[in-house]
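Below: the structure, in structure tokens.
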Amino acid sequence: MKVLNRNESGREKGTVLSASDTLYLKIDKNVRISEPSASVRLGEIAQICCADKPTENKVKTLRLPTEQVHGPGRYVYSLMDVLPVIWQEYPKLEVNNLGQTDFILTVEKSSAGAGKSERLWSNLKTVLLCFLSFFGAAFSIMAFHMDVGMTDLFARLCELLTGESSGGAMLLEISYSIGVGLGILVFFHHFARKKNQADPTPLQVQMRVYEDDVDMTVLEAKERNNLQQK
């Protein structure tokens, strides 16, 4: 048993810390925080659990070294950056890592400090992206139909079913166009009654795959840079 007296870190007199106490630490692969004003505390980036609650609360307030953080962006950290911070306060504390050994600290620009011009520019970019997505998807569908000869196919079907040649936009073309739009909406769960359903939409799945690929690329790039510097 080790008796710790009050010092500059704020620990109380008589606090007893067993050498066998274990702190459980879990850090996700990508931790998102708002742009820090001064420091980043461990409680903001990790899930921390310990049988000794005063120790747990104190560890949550410890500060992560942020010398490499310069504004919004992605910054790669390792568990080896976190452990010295904990052991500086609790040298005898056993730390059990349940999460990632390397993780990305994504610092996002705080929306609270954004001016009107920045918010306007963000809204304009959103509108522009919606237009590009809409017209891009429409062009892709039209190019596909032209490539496979959908117009000739409908004309041939109309001739086979009715015995007459197609004179323009018939019921078959109109029902097909409506069916394409409804099929896309249903496929991406836009008509789902429960928004909190467990199954993610196909779009959400692809976005998660893309995010995982980006995170893995950032971590591997940092590892290669470290090897080259050695």
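Bear in mind that the values here come from a model prediction, so they are computed numbers and not experimental data. Just so it is clear, the values below take in all heavy atoms, side chains as well, and ignore hydrogens, waters and symmetry mates.
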From [X] atom [atom1] to [Y] atom [atom2], the distance as rounded to the nearest 0.5 Å:
X: Leu105; Y: Phe103; atom1: CG; atom2: CZ; value: 6.5 Å
X: Phe139; Y: Phe135; atom1: CZ; atom2: CZ; value: 13.0 Å
X: Leu79; Y: Leu25; atom1: CG; atom2: CG; value: 6.5 Å
X: Asp81; Y: Glu67; atom1: CG; atom2: CD; value: 9.5 Å
X: Leu23; Y: Cys49; atom1: CG; atom2: SG; value: 8.0 Å
X: Tyr24; Y: Ile48; atom1: OH; atom2: CD1; value: 14.5 Å

- Closest non-hydrogen atom pair between Gln68 and Val76, with its separation: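 For Gln68 versus Val76, the nearest heavy atoms are NE2-O, 3.4 Å.
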- Message: Does anything in residues 145-154 form a salt bridge (charged side-chain N to carboxylate O under 4.0 Å, His left out)? List the pairs, not counting sequence neighbours.
- Response: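 Qualifying pairs, neighbours excluded: none.
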- Message: Could you go through Asp215 and Arg74, starting from their C-alpha distance and side-chain angles, then the distance that decides it, and tell me whether this counts as side-chain contact (heavy atoms from CB on, under 4.5 Å)?
- Response: CA-CA 9 Å; Asp215 293 341; Arg74 298 173 183 267; 3.4 Å; yes
Given the rule that I, L, V, M, F, W and Y join up when any side-chain heavy atoms are under 4.5 Å apart, are [X] and [Y] in one cluster?
X: Leu124; Y: Leu132; answer: no
X: Val205; Y: Met207; answer: no
X: Leu98; Y: Ile27; answer: no
X: Val148; Y: Val180; answer: yes
X: Val127; Y: Phe134; answer: yes

- Task: Decide yes or no on side-chain contact (heavy atoms from CB on, under 4.5 Å) for His70 and Tyr75, but give the supporting numbers first.
- Result: CA-CA 9 Å; His70 303 287; Tyr75 304 93; 4.3 Å; yes
- Query: Do Glu89 and Leu62 pass the side-chain contact (heavy atoms from CB on, under 4.5 Å) test, and can you show the C-alpha distance, the side-chain angles, and the key distance before you say yes or no?
  - Reply: CA-CA 9 Å; Glu89 293 292 330; Leu62 298 179; 3.5 Å; yes
- Can Glu56 and Lys53 be counted as an ion pair, charged N to O under 4.0 angstrom? yes
- Message: Any carboxylate oxygen within less than 4.0 angstrom of a Lys/Arg side-chain nitrogen, looking at Asp102 and Lys29?
- Response: no
- Query: Pick one: which of Leu64, Ile104, Ile45, Val40 meets side chain to side chain contact (heavy atoms under 4.5 Å, CB included) with Tyr77?
  - Reply: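 Only one option passes, and that is Leu64.
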Taking [X] for the side chain and [Y] for the main chain, is one N or O donor matched with an acceptor at less than 3.5 Å?
X: Asp28; Y: Asn30; answer: no
X: Glu44; Y: Arg41; answer: yes
X: Trp87; Y: Lys92; answer: no
X: Asp52; Y: Thr55; answer: yes

- Sub-4.5 Å side-chain heavy-atom contact between Arg156 and Leu160: yes
- side-chain contact (heavy atoms from CB on, under 4.5 Å) assessment of Ile86 paired with Leu42: CA-CA 9 Å; Ile86 299 176; Leu42 297 187; 3.8 Å; yes
- Does the gap between the ring centers of Phe154 and His145 come in under 6.0 Å? no
- Is it the case that Asn96 and Thr22 place a side-chain donor and acceptor less than 3.5 Å from each other?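 No pair is found: no donor N or O on one side chain lies under 3.5 Å from an acceptor on the other.
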- Message: Would you say CD of Glu223 has more than 12 non-hydrogen atoms from neighbouring residues, nucleotides or ligands within 6.0 angstrom?
- Response: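 Not more than 12 within 6.0 Å, no.
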